[in-house]
Amino acid sequence: MDAAELLKRQKEYFASGATKSVDFRIHQLKTLKELLKEHEQEFVDAVYQDFKKPELETYATELGVLHDEINLVLKKLNKWVMPRKKKQTLISFPSYNYTVAEPYGSVLIIAPWNYPIQLALMPLIGAIAAGNTAVIKPSELTPNTSAVLNRVLGKWFKPELVAVEEGEVEKANALLSQNFDYIFFTGSPRVGKIVMEAAAKHLTPFTLELGGKSPCIVDETADLEKAARRIAWGKGLNAGQTCVAPDYLLVHESVQDELLQGLKEAFQEFYGDDPFKSPDYARIVNKDHFERLCSYLKDGQIYYGGQFDESELYISPTILTDISEGAKIMEEEIFGPLLPVITFKEMDEVIRTVKSKPKPLSLYIFTKNSATEGRVIEECSFGSGAVNDVVIQLSNPHLPFGGVGQSGIGSYRGKHSFDTFSHTKSIMKKYFWLDIPFRYPPYKGKLKWIKRVLK
Ligand code: NAD
């Protein structure tokens, strides 16, 4: 359907008030849960066809987290939709003050390819919970998953409520040119700027969930064996194509050797001597990304890994040391299974390095020193993070997820999704039984009373 016609139908449907009742929203969320169960294998197979993502990873990081999120919303929605009483002030006395969460209307969700089910449907849960209609534009880089999303959601939802619009950049642009009531974009900072410009044309409110280089710091007090396992897991997951993956490693020079050895052993334990043969290791999404990643291999010394196979779009988990000055791998978001390692002597250096770069989406610090932990968290600005682990903060829907500065604007998950997709309307209810005259002209003699109250 043409973008303008689709939006018109969604706006008419929204205007009918059909999406607003809580029962309706709960019914739609249960439908979403049911379709995820019913078509689970199709989703798993589609993501596997797109980049050989292992089934366990697809369940845990795409379908499972969606069930978890829906369960939370189903449990809490009745509470979240309630008007919230707010305090009154002397100036407004007597009044009753409250806020109401109101749906925006029709939401446009633009999703990336790297978690192609989760990042299309997680915002949808929030959009439906808040009482909106939604159009989802999935990524063209994972065509099998996008096709399943289109077919399955098309079967279970009417397009006035939820529609999937597959297509390339032109499709995204056609949708962006329409006057949606909210835009929720997940993707690169480069496209984020295009989305923001499009939103500005209609003054459409938006969320930008972007990416960037997420540092991972390991100091000399950390439990190196556990740190190595957790970092290797976070880098190997989805073959490193995770927006919050540890992008580069900053390790205290005194523990570099031990940590690198631990990382190597962890990768070997997870994926065997030849990760190419491992059923638990995904592939790179396309040739462009494969070539981009291979070009980084010359940016340092290969300590571990470094194998690749173009016909399979395979790149092994790789650790790089002695990174050359001005290397691209330290400028661009890696978004693949390569881990450049840089040593430090003092935490001051680390903080300076992190602060000299755009604010990251995530930051990880492995330490047993609580002063160091506190200092890093206080002095560095980043979207979300973890202490003594990586990536795992995303598993908790009670923690809002989003970036700051170049890594994004706004956040979502759980109650934060509900808030993101709702306009908070503030109401002051006044009564007729008292009408204090200070605000009315003529003002003569009233200023001194105003000054006594507002000082
Ligand atoms: P992308 O920005 O290239 O594409 C995202 C979406 O935007 C796709 O649907 C695509 O069709 C559309 N698009 C691409 N070019 C466009 C244009 N010129 N105009 C309008 N729309 C356009 O991102 P990607 O490659 O799919 O995903 C990788 C990026 O996403 C990385 O930077 C990663 O860090 C980030 N990311 C962020 C999060 C998060 O939650 N913060 C999650 C996953 C990925």
Side-chain angles (χ1 to χ4, degrees), residues 3 50-51 61-62 65 69 108-123 126 135-143 145-146 149-150 164-178 180 183-199 201 206-214 234 237-247 284-290 292-293 331-336 358-363 382-385 391 393-395 397 399-413 416-417 420:
D50 281 327
F51 57 104
T61 68
E62 311 254 13
V65 285
E69 180 92 353
L108 172 61
I109 296 167
I110 302 182
W113 56 266
N114 64 324
Y115 285 80
I117 311 168
Q118 194 221 124
L119 296 172
L121 300 187
M122 190 67 85
V135 175
I136 301 171
K137 152 70 182 81
S139 173
E140 65 279 19
L141 301 196
T142 38
T145 312
S146 298
L149 280 168
N150 192 359
V164 176
E165 287 287 287
E166 283 184 83
E168 310 248 337
V169 174
E170 300 70 40
K171 173 61 82 179
N173 285 329
L175 290 164
L176 282 170
S177 69
Q178 300 300 315
F180 277 89
I183 301 173
F184 190 98
F185 172 79
T186 308
S188 61
R190 180 185 70 80
V191 181
K193 290 177 192 166
I194 296 170
V195 171
M196 199 162 164
E197 262 187 66
K201 287 212 177 84
F206 59 86
T207 297
L208 299 180
E209 292 279 338
L210 310 178
K213 294 184 80 64
S214 299
L237 181 75
N238 225 35
Q241 302 163 112
T242 303
C243 56
V244 290
D247 184 279
I284 305 305
V285 73
N286 68 11
K287 195 158 172 282
D288 287 351
H289 281 286
F290 172 83
R292 178 182 62 78
L293 287 163
E331 296 300 320
E332 298 165 355
E333 179 180 6
I334 298 171
F335 223 56
K359 295 177 180 180
L361 184 59
S362 291
L363 181 145
F382 52 92
S384 70
V391 181
Q393 73 274 18
L394 260 68
S395 64
L399 289 174
F401 173 56
V404 54
Q406 202 160 320
S407 56
I409 297 174
S411 62
Y412 75 133
R413 293 305 303 280
H416 299 275
S417 279
T420 288

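Counting begins at 1 with the first residue of the sequence. Excluded from the calculations below are hydrogen atoms, water molecules and symmetry mates; all remaining heavy atoms, backbone and side chain alike, are included. One-based numbering, in listed order, for ligands and for the atoms of each. Since we're looking at a predicted model, the values are computed, not measured.
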For this session: Can you pull out the closest protein heavy atom to atom 17 (C) of ligand 1? Residue, atom name and distance to 0.1 Å, please.
Result: Val169 CG1, 3.4 Å
Exercise. Who's the nearest protein heavy-atom neighbour of atom 35 (C) of ligand 1, and how far?
Worked result: Gly187 O, 3.2 Å
For this session: Could you pull out the closest heavy-atom pair between Lys213 and Asp247, with the gap in Å?
Result: NZ-OD1, 2.6 Å
For this session: Please say whether His289 places an N or O atom under 3.5 Å from an N or O atom belonging to ligand 1.
Result: no
For this session: Could you list the residues that satisfy salt bridge (Lys or Arg N to Asp or Glu O under 4.0 Å) with Lys287, not counting sequence neighbours?
Result: Glu291, Glu310
Exercise. Under 3.5 Å, side chain of Gln118 to main-chain N/O of Glu62, donor-acceptor pair present?
Worked result: no
Problem set entry | Lys/Arg-Asp/Glu bridge criterion (N-O < 4.0 Å) met for Arg413, Glu69 | yes
Exercise. Should the proximity of Val195 to ligand 1, defined as any heavy atom under 4.0 Å, be assigned to the side chain, the backbone, both, or neither?
Worked result: neither
Exercise. Any idea which part of Glu140 is under 4.0 Å from ligand 1, heavy-atom wise: side chain, backbone, both or neither?
Worked result: side chain
Exercise. What's the shortest distance from atom 20 (C) of ligand 1 to any protein heavy atom, and which residue and atom give it?
Worked result: Asn173 OD1, 3.5 Å
For this session: Measure the distance from atom 44 (C) of ligand 1 to every protein heavy atom, then report the residue, atom name and distance (to 0.1 Å) of the closest one.
Result: Asn114 OD1, 3.4 Å
Exercise. Which ligand 1 atoms does Leu119 reach within 4.0 Å, using its non-hydrogen atoms?
Worked result: 42 (C), 43 (C)
For this session: Could you tell me whether the side chain of Gln241 and the main chain of Val285 form a donor-acceptor pair under 3.5 Å?
Result: yes
For this session: Could you find the nearest protein heavy atom to atom 7 (O) of ligand 1 and give me its residue, atom name and distance?
Result: Phe185 CE1, 3.4 Å
Problem set entry | Heavy-atom pair with the smallest gap, counting every atom of Leu293 and Phe335 | CD1-O, 4.0 Å
Exercise. Is it the side chain (CB and beyond), the backbone, both or neither of Ile110 that lies under 4.0 Å from ligand 1, heavy atoms counted?
Worked result: side chain
Seminar exercise, completed: Under 4.0 Å between heavy atoms, the region of Phe401 that gets near ligand 1 turns out to be side chain
Exercise. Ser384 side chain to Ser362 main-chain N or O, any donor-acceptor pair under 3.5 Å?
Worked result: no
Problem set entry | Residue pair Glu209 / Phe184, side-chain heavy-atom distance below 4.5 Å | yes
Problem set entry | Whether Ser407 side chain and Pro360 backbone form a donor-acceptor pair below 3.5 Å | yes
Exercise. Taking C-beta and beyond as the side chain, do Pro123 and Tyr412 meet within less than 4.5 Å on heavy atoms?
Worked result: yes
Problem set entry | Element-labelled atoms of ligand 1 that are located less than 4.0 Å from some non-hydrogen atom of Phe335 | 28 (C), 31 (C), 33 (C), 34 (O)
Exercise. Looking at Thr186, which atoms of ligand 1 are within less than 4.0 Å of one of its heavy atoms?
Worked result: 5 (C), 37 (C), 38 (C), 39 (C), 40 (O), 42 (C), 43 (C)
Seminar exercise, completed: re atom 15 (N) of ligand 1, the protein heavy-atom contact at minimum distance is Val191 CG2, 3.4 Å
Exercise. Who are the side-chain hydrogen bond (donor to acceptor under 3.5 Å, both in side chains) partners of Thr145, not counting sequence neighbours?
Worked result: Asp50
Exercise. If you measure every N/O of Trp113 against every N/O of ligand 1, is any gap under 3.5 Å?
Worked result: yes
Exercise. At under 4.0 Å between heavy atoms, which part of Leu210 makes contact with ligand 1: side chain, backbone, both or neither?
Worked result: backbone
Problem set entry | Protein heavy atom at shortest distance from atom 1 (P) of ligand 1 | Ser188 OG, 3.6 Å
For this session: Return yes if some donor-acceptor pair links the side-chain N/O of Asn238 with the main-chain N/O of Asn114 below 3.5 Å, else return no.
Result: yes
Problem set entry | Nearest neighbour of atom 21 (N) of ligand 1 from the list Ala172, Pro189, Ser139, on a heavy-atom basis | Ala172
Exercise. Relative to ligand 1, is Leu141 under 4.0 angstrom through side chain, backbone, both or neither, heavy atoms considered?
Worked result: neither
For this session: Could you pull out, from Ala111, Pro112, Cys243, the option with a heavy atom nearest to atom 9 (O) of ligand 1?
Result: Ala111
For this session: Specify the protein heavy atom at minimum distance from atom 34 (O) of ligand 1: its residue, its atom name, and the distance to 0.1 Å.
Result: Glu333 OE2, 2.6 Å
Exercise. Out of curiosity, is Gly408 lining ligand 1, as in a heavy atom under 4.0 Å away?
Worked result: no
Exercise. Please walk me through it: do His289 and Leu141 pass side-chain contact (heavy atoms from CB on, under 4.5 Å)?
Worked result: CA-CA 11 Å; His289 281 286; Leu141 301 196; 4.3 Å; yes
